[in-house]
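Note that the structure is predicted; figures quoted are calculated from it, not measured. Proteins get letters first, then strands, A, B, ... in listed order; numbering begins at 1 in each.
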2 protein chains.
Amino acid sequence: MKVTIKDVAKKANVSPSTVSRVIANNPRISDKTKEKVHKTLKELHYRPNVIARSLVSNKTNILGLIIPNSNENLFKNPFFIDVLRGISIYAQKHGYHIMYTYSKNEKEEKEYIQEYIYSNLVDGIILLTALENDPIIKHLKKEDFPFAVIGRPENTDSILWVDNDNFKAMYELVNHLIAQGHKDIAFIGGPSEFMFSKDRLKGYKMALSAKGYIVNDDKIIHESGFDVNSGYRACKKIFKNFSPTAIVTTDDLLAFGANKFLKEENIKEVEITGFNNVPTYEFQSHSITSIDIDSEGLGYSVAKLLIAKLNNQEMINNHIIVETKLIDRTSK
Amino acid sequence: MKVTIKDVAKKANVSPSTVSRVIANNPRISDKTKEKVHKTLKELHYRPNVIARSLVSNKTNILGLIIPNSNENLFKNPFFIDVLRGISIYAQKHGYHIMYTYSKNEKEEKEYIQEYIYSNLVDGIILLTALENDPIIKHLKKEDFPFAVIGRPENTDSILWVDNDNFKAMYELVNHLIAQGHKDIAFIGGPSEFMFSKDRLKGYKMALSAKGYIVNDDKIIHESGFDVNSGYRACKKIFKNFSPTAIVTTDDLLAFGANKFLKEENIKEVEITGFNNVPTYEFQSHSITSIDIDSEGLGYSVAKLLIAKLNNQEMINNHIIVETKLIDRTSK
DNA sequence: CTGAAAGCGCTTACAG
DNA sequence: CTGAAAGCGCTTACAG
């Protein structure tokens, strides 16, 4: 049988209120009764019923995660599991639990959010991605419910977010290639509505124009997915008209796809770079230069921001930038 | 403001009890009041407070997932994300939510389980792996709390589990190799305390002896992890004394590591096989034969079993075998 | 068919 | 410093 506060009270010869106060470490309880109650608490292996507690406190200490199960394959991407771990590790340390829900589309996403909010299930929501003009972010803002986003939102007003500096990471990467002598660099991206897609593209453009190179929009290809096939298709399109010496992509899987095309066509000496530093089991032919985004750090930080807010902690910043790292595997 | 059953009752001019009964679709309510109440329910956008409901029903409709965050790297393995998805998809369809917790070791694992159980947070627990003489399974059995396991437990008495037929999958794979003319086949496994490790090893041994080959224990290597480095080390050990024509492994990452060693040593024409059919971005040098285990199906099925039990459904079987598929990429 | 009452296991203002 | 009481938002046996 589960033991309740009443059982403890009876055994310790005090009232339930007193037991509750001892548990809450209320300062007005005498050391003597504190000790006595603590003893029976131990003896009976008492554990508070969090559901009852939630009902009165109106807090569940649960964070809800909305995972888009879309066809862009983004969340089959290996980095994602590290995000989950990062979130959980911070949350557990601070007494929060994590709940997750897959949703197939925007409609379902909104539905689950309503459910999370109005059934009183969660105290806050974590979003795993930010789109341009993001309908979910708007919705959450309108509902005025605590949430935090992985990815810099378009309009950052009063919203909590965590991200890499995608602009800077791509900017530096392109600079790195230029320093190696590359003058003709193409760009392959996934769906452009993701904010990180936009930021990486900006970094690419800016790096080129800062050195006086002309940005040729025909060398910029966006595909509908973040997968190997999309990379393959994009690379094919580029080489129909051009022969760049390097291609930057916004995701390792795109890079792998591009590589596949080059290999099939027996095109050599083109440098391909990716993003996310996905494990490629390096025994295989060759690995690519990539940007390590510290997925676990992203998860950890987003949980940190949201929990700080839920505890009404003073925050200096409404966002955290997680450092990236250029993993150089260029052939030179 | 959140709207409660009282608000609805007042507006619809009935008692709270009646509103509750309408929501529960109690047959003794007249169609007329049913209609009336449903209308105001809609108008006020009423959503039940699941916490309050849980307090009286003593059910939360939440399933708890314990994820070992051990150093064997097993749960950084890509197949794992598909398991999560499978669990969630079935659960959501049936009105359950999923909560997950990482735990560093057995002690933490037990702690979190106690918390899940005695704080009344979850209705059932899902375990992602079964060990030989598994202390967590024992513990859960002793607590007599509903749970289900991915992986066949050593003692299946009255416990719910889901698994591939690991014995059969490996048995058939080795047979397949033998049919291709291989006579000298070595074995590389990860930690042997996992039940699937044992089953796969048995399949290997049985396939050999069924054909009259002698099983040589020196050609069976177990390493402490399921990662590339472990595979590399194991392969090195094997080739110190032998030169098998094929090596079967219990995980693709082990296979990749073995492959790496062979490549470095310039050893050709050794067939390596894996398990899990991890994506290798096939543009790379060559892909390996592997067993697809249908990770999503494993997750889906384990949720199915556990939820059936929680709803006291009649069960014909206390387990589900998820079909595997040999993905043949052998060079012949 | 419907309502008033009790209760799920806690917390907390009120009173002493 | 401690207890009795009310209340969080539901469900459900009891009564009519």
Which part of the nucleic acid, if any, lies within contact of B:Arg53, taking any heavy atom under 4.0 Å across all strands shown: a base, the sugar-phosphate backbone alone, or nothing? sugar-phosphate

If you measure only the distance, is there a donor-acceptor pair under 3.5 Å linking the side chains of B:Ser17 and B:Ser20? no

Let me know, please, whether A:Ser17 or A:Pro27 comes out on the 5' side of the other along DNA chain D by nearest nucleotide. A:Pro27

Reading DNA chain C 5' to 3', which nucleotide is the first, and which the last, to come under 4.0 Å of any heavy atom in chain A? C:dG9 to C:dC14

With sugar-phosphate meaning primed atoms plus P, OP1 and OP2, does B:Ser57 contact a base, only sugar-phosphate, or nothing at under 4.0 Å between heavy atoms? nothing

Read 5' to 3' with Watson-Crick or G-U pairs under 3.5 Å, [ ] for crossing pairs and | for partners on another strand, DNA chain D gives |||.||||||||.|||

Does B:Asn133 have any side-chain hydrogen bond (donor to acceptor under 3.5 Å, both in side chains) partners at least two apart in sequence or in another chain, and if so, which? B:Lys138

Within 6.0 Å of CD in A:Glu35, more than 12 heavy atoms from elsewhere: no

Output yes when A:Asp7 and A:Lys10 qualify as a salt bridge under the 4.0 Å nitrogen-oxygen rule, no when they do not. no

B:His319 and B:Trp161 aromatic ring geometry - parallel, tilted or perpendicular at 30°/60° bounds: parallel

Any side-chain donor near an acceptor of the partner, B:Glu115 and B:Ser119, under 3.5 Å: no

Sugar-phosphate, base or nothing in reach of B:Thr18, heavy atoms under 4.0 Å: sugar-phosphate

What is the nucleic acid contact for A:Ser54, judged by heavy atoms within less than 4.0 Å: base, sugar-phosphate only, or nothing? nothing

Say whether, by atom type as modelled, one donor and one acceptor occur between the side chain of A:His139 and the main chain of A:Pro135 under 3.5 angstrom. no

Does A:Lys59 have more than 12 heavy atoms from other residues, nucleotides or ligands lying within 6.0 Å of its NZ? no

Assign each of A:Ala24 and A:Lys6 to its nearest nucleotide of DNA chain C by heavy atoms, then name whichever residue's nucleotide is nearer the 5' end. A:Lys6

Select base, sugar-phosphate, or nothing to describe what A:Ser30 touches, counting heavy atoms under 4.0 Å on all strands. sugar-phosphate

Any idea how B:Tyr100 and B:Tyr102 line up, ring-wise: parallel (<30°), tilted (30 to 60°), or perpendicular (>60°)? perpendicular

First encountered from the 5' end of DNA chain C, between A:Ile5 and B:Asp31: B:Asp31

Base, sugar-phosphate or nothing for A:Ser20? Non-hydrogen atoms, less than 4.0 Å. base

